[in-house]
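Have a look at the structure below before the remarks.
Both ligands and their constituent atoms are indexed starting at 1 by order of listing.
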Amino acid sequence: MNAIIFDLDGVLCHTDEYHYMAWKAIADELHIPFNREVNNQLRGVSRMESLKLILRNSPVCYSEQEKFLLAEKKNNIYRELLQNITSKDLADGAWTVLEKLHAVHIPMAIGSSSKNTPLIVEKLGIGKFFDAIVDGNQISHSKPDPEVFLLAAEKLHQKPSDCLVVEDAEAGVKAALNGGFLVAGIGPAKDCPNVNYPLLSLSELLAVEGHPA
Ligand code: G6P
Ligand code: MG
């Protein structure tokens, strides 16, 4: 393994609760049932796909224009919540792990479905650790399509089979496997089928086989 591609939300930082709060506000307004279990199914899924999944629980049929406005409203609430995040919102051990891997010159990228990646990376102050950042603004196919990771590998000048993808979402694990990457699963993705490295914490990455750190 030559390089590491990190998913962002749920792996390097805990934005899930902010996504939950923002979607919950929309769902409540539309009288659609929504809870943390449904929110967990939205991990790694693009904003519009997430909205479609939420609207499946509504008897009302929304037009494309209405859906666009709902997604925009959710994003405005989410971005407002993101204004308050700092490096304190990083996942346990994330800063140390990134610092150590960077110190031994492991090429690293972010591969995220989120169009808010630039704002989150800036707020967390982690941009300096990455050789490439690929996000929802640069891709046309969301996870489980491997596009985001394939573009990240290309930017790192690495073959997929030489890159380890770190994911917390089932859609992300599938995307990585579909692209021919090695996968480390953390959190809910730890027990996904075919994960190469189930991780209890990010710091276990430092002990992954074939890793020079
Ligand atoms: C990440 C999150 C998803 C979110 C997606 C799009 O993958 O895990 O929950 O829906 O990004 O995020 P965005 O910030 O573009 O709305
Ligand atoms: Mg994630």
Problem - Name, closest N/O/S atom of D7 to the Mg ion (ligand 2) - result: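 That would be atom OD2.
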Problem - For the Mg ion (ligand 2), the closest N/O/S atom belonging to D168 - result: OD1
For [atom], what is the closest protein heavy atom, and at what distance to 0.1 Å?
atom	value
atom 9 (O) of ligand 1	L42 O, 3.0 Å
atom 4 (C) of ligand 1	V45 O, 3.2 Å
atom 8 (O) of ligand 1	G44 N, 2.9 Å

Problem - Row check, Y78 ring normal vs K74 NZ/CZ: under 6.0 Å, within 45° - result: yes
Handout entry: Candidates I110, I139, L156 - the one meeting side chain to side chain contact (heavy atoms under 4.5 Å, CB included) with V134
Key = I139
Practice task
Output the list of atoms in ligand 1 that are nearer than 4.0 Å to some heavy atom of R43, sorted by atom number.
Solution key: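 Matching atoms, with element in brackets: 8 (O).
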Handout entry: Interfacing atoms of ligand 1 (cut-off 4.0 Å, heavy-atom, K115)
Key =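 That gives atoms 13 (P), 14 (O), 15 (O) of ligand 1.
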Problem - S50 to ligand 1, any heavy atom closer than 4.0 Å - result: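 Contact present.
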Problem - Region of S114 that comes within reach of ligand 1 [heavy atoms, distance under 4.0 Å] - result: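 It is both backbone and side chain that touch ligand 1.
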Exercise for the section: Run the ring-centre check on F129 versus W95 and record whether the distance is less than 6.0 Å. Expected result: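 That pair passes the under 6.0 Å test.
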